[in-house]
Each structure stands twice: as structure tokens, then as C-alpha cells.
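First up is the structure itself, then whatever we jot down about it.
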2 protein chains.
Amino acid sequence: MTEDDVPTEWLRAVLPLAVLAVVAEEETYGYAVAQRLQAGGLGAVKGGTLYPVLNRLEAEGLLTSSWREGVGGPGRKFFAVTAAGRDSLDRRSAAWHTFTERAGGLLPDPRSTR
Amino acid sequence: MTEDDVPTEWLRAVLPLAVLAVVAEEETYGYAVAQRLQAGGLGAVKGGTLYPVLNRLEAEGLLTSSWREGVGGPGRKFFAVTAAGRDSLDRRSAAWHTFTERAGGLLPDPRSTR
DNA sequence: AGCACTAGTCAGCGACGCAAACTAGTCGGG
DNA sequence: CCCGACTAGTTTGCGTCGCTGACTAGTGCT
């Protein structure tokens, strides 16, 4: 019951930000990010969705990548956050926070189940 | 400073829900909804964006519409929420609430400006 | 007549999540 | 030895929807 399949528009809104946040926490690779996101309450993000996000973030200069041999399995593309990435993360997550508060203000009070 | 132009992906995530919420508060017409949204902190929603949303909500059976003569100006298409609409609003806004909490949990703590 | 404001509609565009298929490495079981 | 299952990442085509910009149309002011 931890998982009520997040609507795609909602995912669309936070995916890049969430991915950036996860990588900023610790240098990791795509597959691990997917598991982290699922554990974090966003749904099961498929490869065809996640990897393009990582590559876009890299193209924007917010992440850097390096290829490393896999311990038991294929090679892994590790991503690390850049200074610009950390900066963008902070600014955008602050903006996200105020946005969700404003949006929540328009919605009905969740405590009153009319 | 009340308005830092909301990214389109963010708007995309909440627009239908926010519009539904506004109409559920009080029976209104499109143009007034736009002003209400702007006052609520989402940006200036253009006609070409807003009206299709209203029409989709009506097509989904969450709103009903009726045409009325304008007092000083063109006629107005008034929208009212249906029972299904109110139900959908409650369920989806509750889901939105838990979603934003989860997403916020992945993001860096806004109080630490590193 | 011209402009501004109100009110709603429409066409084309681009971004991006999704489904599905594909390559490719490792491992365990039959 | 081959077949799945899991890991890891890529690619293609599709559909949704906000955006831009133009358009109709009613009212009122200059």
C-alpha cells in the first residue's frame, strides 16, 4: 500500500529534480537511482524513462558521468553532481517547495472529507 | 515577488486539479478561474491553455456547463462541479498531498542552504 | 474609427513519460 | 550446454498537453 501508481504528469513534474537530488546525495548509477526512487515513494521508473533523464541532466551540465566495470554484471555508468547541479538542485527544490504550498492552498483541506 | 513563473511541467501536474478545485469552491466561468489561479500563486494561465482544461473536465463528467448572457461583455460559459467531480477532487487532492510529501522527502532540506 | 478589456476558440509545435523491444554481462538450475 | 532471471543501459514510436499566436465577438471609452 506504499505505492498508488503516481500519475505521469506528476512524475513529469519532479523526476528530473528527484533524480538530481538522489545523485547529489551520493554518486550512483541509473539502476540504483531507479530503486531509490521506488523506495522513496515515486513509482517504478522504467529504464526508457530514467536513463534519458540522466542523460539530459548531464547534457545540461548538472551531472558528469564515468563508466566503470560492473562487479557482477554489466558495466555501470556512474553519475556525480557538478557545482552547477548542486546549485540548480537547491534553487529548484526551494521553488518546488513554495509551489506545492501554493497549489495545496487552492485544494480542499485534506482533513475535511465531505 | 509573488510570482516566479511556474515551470510548465509543474503547471501540467496540477492544472486540472486546481481548476476543478476552484470551480468546486464556487460556480464560475473560465476567465474568472484564470484570475483566481493567478491570485493563488500559479502563473498567468492563458486562454489557449485554460479552456481546453475546462472542456476536458466536462468531457470526463466532472463538470457541467451552461451559457449565460454577459452583464457587460460577451456571454459566459459557467461551470459547476458534479458529484463525480467532487469525488474525484477529494481523492486526487489527497493523493496529491501524499505525493508532494514523498517527493519533498527525497529533496534536500530547504532549511540548509549549502 | 480605434483601442482596451472581457470571453472563448483553434491550429501547430515541442517536451517528455510510456510501452516495448533490443543488446549484453553474470549467475544458477536442469 | 542452454535457458531463464537479474542487472544495466539504449532506442523507437506514440500520445498527452501546455505554449504561442491568431482569430471571433461583445462592451465601452476616447
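Residue B:Tyr51 places none of its side-chain N or O atoms closer than 4.0 Å to OP1 or OP2 of C:dA7. Phosphate contact (OP1/OP2 of C:dC18, side-chain N/O of A:Thr49, threshold under 4.0 Å): present. Applying the 4.0 Å criterion to OP1 and OP2 of C:dG17, one finds that A:Arg56 has a side-chain N or O inside that range.
Across C:dG17, D:dA25, C:dA19, the shortest atom-to-atom separation from the side chain of A:Lys46 is found for C:dA19. Ranking D:dT7, C:dG8, D:dA25 by closeness to the B:Tyr29 side chain, first place goes to C:dG8. You'll find that the side chain of A:Pro52 is closest to D:dT11, out of D:dT11, D:dG18, C:dT6. In this structure, the nucleotide among C:dG17, D:dG18, C:dT6 sitting nearest to the side chain of A:Pro16 is C:dG17.
Across all strands shown, B:Gly48 has heavy atoms under 4.0 Å from base atoms, whether or not it also approaches the sugar-phosphate. At a threshold of 4.0 angstrom between heavy atoms, the contacts of B:Gly47 include nucleobase atoms, whether or not backbone atoms are also involved.
At a cut-off of 3.5 angstrom, the base of D:dT16 holds at least one donor-acceptor pair with the side chain of B:Arg12.
Atom CH2 of B:Trp96 sits about 7.0 Å away from atom OG1 of A:Thr100, to the nearest 0.5 Å.
Looking at B:Arg36 and B:Glu25, a side-chain N of the basic residue comes within less than 4.0 Å of a carboxylate O on the acidic one, giving a salt bridge.
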